[in-house]
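Worksheet: one structure, shown below.
Sequence lines set the chain letters: A, B, ... in the order given, protein chains first and strands last, and positions in each chain run from 1.
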Amino acid sequence: MLATALRVPEDAATREVAPREVPSLKAPAAPLARPETPRSATGIGVTIRDLKKDFDGHTVIEGLDLHIPAGQFVAVVGRSGCGKSTLLRLILGLESPSAGRIGLESQAVRTPTKRIMFQEPRLLPWARVVDNVAVGLGEGGTRADRRAKAQTALAEVGLTEKAGNWPATLSGGQRQRVALARALVSHPGLLALDEPLGALDALTRIDMQAMIERIWQAQGFTAILVTHDVAEAVALADRILVVEAGRIALDVSVDVPRPRRRGDADLAALEGRILDHLLSERAPA
Amino acid sequence: MSTTSFKTRTIERLTPWLVPVAILLGWQVAASTGLVSTRFMPAPSGVIAAGWQAARSGELWTNLSISFARAAVGFLIGGGIGFALGLANGLSQLSERLTDTTLQMIRNIPHLSLIPLVILWFGIDEEAKLFLVAIGVFFPVYANTLHGIRSVDPQLVEMGRVYGMSPLSLFTRVVLPGALPSIFVGLRYALGIMWLTLIVAETISASSGLGYMAMQAREFMLVDVVVLAIVIYAGLGKAADAVTRLLERRFLAWNPAYRNA
């Protein structure tokens, strides 16, 4: 109950601040600091014990332990091939572990869904934007009902007027927003983001980051973001995991209040620390 | 403004017909001035007259509908089997391993070379024509359906799976629409081969149909009827093409390559 009470002013404050507007001085007031404890009733908590994954005798993940509280925004960074995408696929159940176990727990009555947003939008070119979003609802439901829900999700990402378009007529950023709406339309308990903004230009990326943050705060799902971009991880996440050779090498929490300002000194220091860690891995082989 | 654009559009639409009309006019002039003997090449007006007469006697409609029915039935049989096998082999590795090599071997036989064999088997009855059309149509439909299914973006298939699509809806919402452009290419080829095969089959051995009408006219030196038959074939081919275009515009509207075609 306390957690819910705390969330209200926070959400209200973020909605008032437009994505690219400079935050007012009043905005980052004390109660906005997010508590470390789980605060979400819709989010899925993830507990991983001694996880191991081999591909053809080659070990990608070894002896990994991790707990992600429900509703947390976790960023996973690491070098290419460190196993971070495999970890994401394992959590989603797209791959099965060679050993160990992954537990997902949720407080919701109905089992909430897990959704993924890929690096590419992966929209069906032959379906209108609104029908692409409706794909996220799974099967079942009347056509009108599905469309209504899809329209709501499209409004959330600011693409209401594009509902009847073919995906081919949208820009790259708009397509990725449709993909976000598709991932969110079923109100998932867990949203996995597999470098979803990697292919976008810098300004579009910043807009999308703000949009993801805003929707996450409103819906309270657990978010796991795999990214190469340490600045992105620092800007969005409650907690950053650095994965190295199939293990978690660094686990830091980001105690900077939201909304966060780009270029904030604390964020920059943290980014520098994580980058140093990533770069030092390379030195001796 | 709107009249200008209307004018431009009309001109744009009429341009492709300039050359055919010029040829027709030149032909008419050459025939009526005696430059070309009408014993070998009738004037367009003569062909139209022959067409009018054949239409009035009902002979034209009988032969046309017989040819059309043969084409359609042969196409449905051959295209249907080709489509089904293309789907099966595109979706199932077992089915592909079992049948693809055999089909590729048969494909290398020119289907018209089977005519003597087909006449031995079926005589000059309907089955002979249907068999040849079906065989001719089968391969382009089969090969392009298979290719279309193979070239469906695997990332989209993975997305469909992750988003909980059942195998059936994965097929109807992802795989089939993805294969459709290629399937249409096969359809166009198949329609061309359909007419070609039917003309050859009817010319060589038939007792009805357009090809038969042309062959009989040759016996009586009715050049105008021969040319009439050829013109009708051209028209039928064009009609088949137009239908395919219409279908493409309807079903591939999402594809920028077809939207403005």
Side-chain angles (χ1 to χ4, degrees), chain A residues 85 88-95 111-141 143 146 150 153 164-170 175-176 178-186 188 190-194 196 199, chain B residues 83 86-87 90-91 93 141 144-188 244-261:
Chain A
S85 283
L88 194 70
R89 295 177 68 86
L90 283 162
I91 293 173
L92 282 168
L94 300 181
E95 309 272 357
T111 336
T113 44
K114 295 168 283 175
R115 285 293 184 234
I116 182 167
M117 199 176 156
F118 301 97
Q119 180 165 15
E120 320 78 24
R122 302 202 190 182
L123 305 178
L124 301 173
W126 41 84
R128 308 255 178 202
V129 164
V130 62
D131 295 322
N132 261 297
V133 175
V135 166
L137 290 167
E139 319 243 305
R143 196 180 162 83
R146 293 168 65 89
N165 281 37
W166 299 115
T169 62
L170 304 183
R175 281 180 215 175
Q176 205 56 302
V178 176
L180 179 63
R182 178 180 64 191
L184 293 173
V185 69
S186 57
L190 174 74
L191 177 64
L193 302 138
D194 192 359
Chain B
F83 183 63
L87 287 185
L91 298 170
Q93 286 220 330
V141 173
N144 286 286
T145 305
L146 179 60
H147 172 256
I149 296 215
R150 287 268 181 72
S151 51
V152 171
D153 186 352
Q155 291 192 330
L156 287 182
V157 176
E158 191 195 39
M159 185 281 295
R161 288 224 177 89
V162 175
Y163 274 80
M165 286 189 191
S166 66
L168 179 68
S169 79
L170 197 64
F171 174 73
T172 54
R173 298 177 69 182
V174 181
V175 177
L176 193 59
L180 213 53
S182 180
I183 292 173
F184 271 114
V185 171
L187 185 68
R188 278 192 178 211
T244 327
R245 261 172 200 251
L246 213 71
L247 289 174
E248 278 179 346
R249 237 185 256 183
R250 164 76 182 74
F251 289 104
L252 303 181
W254 52 271
N255 191 330
Y258 289 95
R259 201 173 307 135
N260 304 318

When rounded to the nearest 0.5 angstrom, what is the spacing between [atom1] in [X] and [atom2] in [Y]?
X: B:Phe171; Y: B:Leu176; atom1: CZ; atom2: CG; answer: 4.5 Å
X: B:Leu180; Y: B:Leu247; atom1: CG; atom2: CG; answer: 9.5 Å
X: A:Leu88; Y: A:Leu94; atom1: CG; atom2: CG; answer: 8.0 Å

* Taking every heavy-atom pair that is under 4.5 Å apart, which of B:Gln155, B:Arg173, B:Met159 has the most such pairs with chain A? ->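 Option with the top pair count is B:Gln155.
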* Does any heavy atom of chain A fall under 4.5 Å from the side chain of B:Arg161, the backbone, both, or neither of them? ->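 B:Arg161 has no heavy atom closer than 4.5 Å to chain A.
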* Between A:Gly93, A:Ser186, A:Pro125, A:Pro167, which shows the greatest number of heavy-atom pairs under 4.5 Å with chain B? ->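 Among A:Gly93, A:Ser186, A:Pro125, A:Pro167, the one with the most close pairs to chain B is A:Pro125.
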Is [X] close to chain B through its backbone or its side chain, or both, or neither, when contacts mean heavy atoms under 4.5 Å?
X: A:Ala183; answer: both
X: A:Ile116; answer: both
X: A:Leu123; answer: backbone

* Write out all pairs satisfying salt bridge (charged side-chain N to carboxylate O under 4.0 Å, His left out) with one or both partners inside residues 123-138 of chain A, taking only residues at least two apart or from two chains. =>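 Residue pairs with at least one partner in residues 123-138 of chain A: A:Asp131-A:Arg147.
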* Asked: With B:Pro177, which residues qualify under side-chain contact (heavy atoms from CB on, under 4.5 Å), at least two apart?
  ->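 Checked B:Pro177 against side-chain contact (heavy atoms from CB on, under 4.5 Å); matches are A:Trp126.
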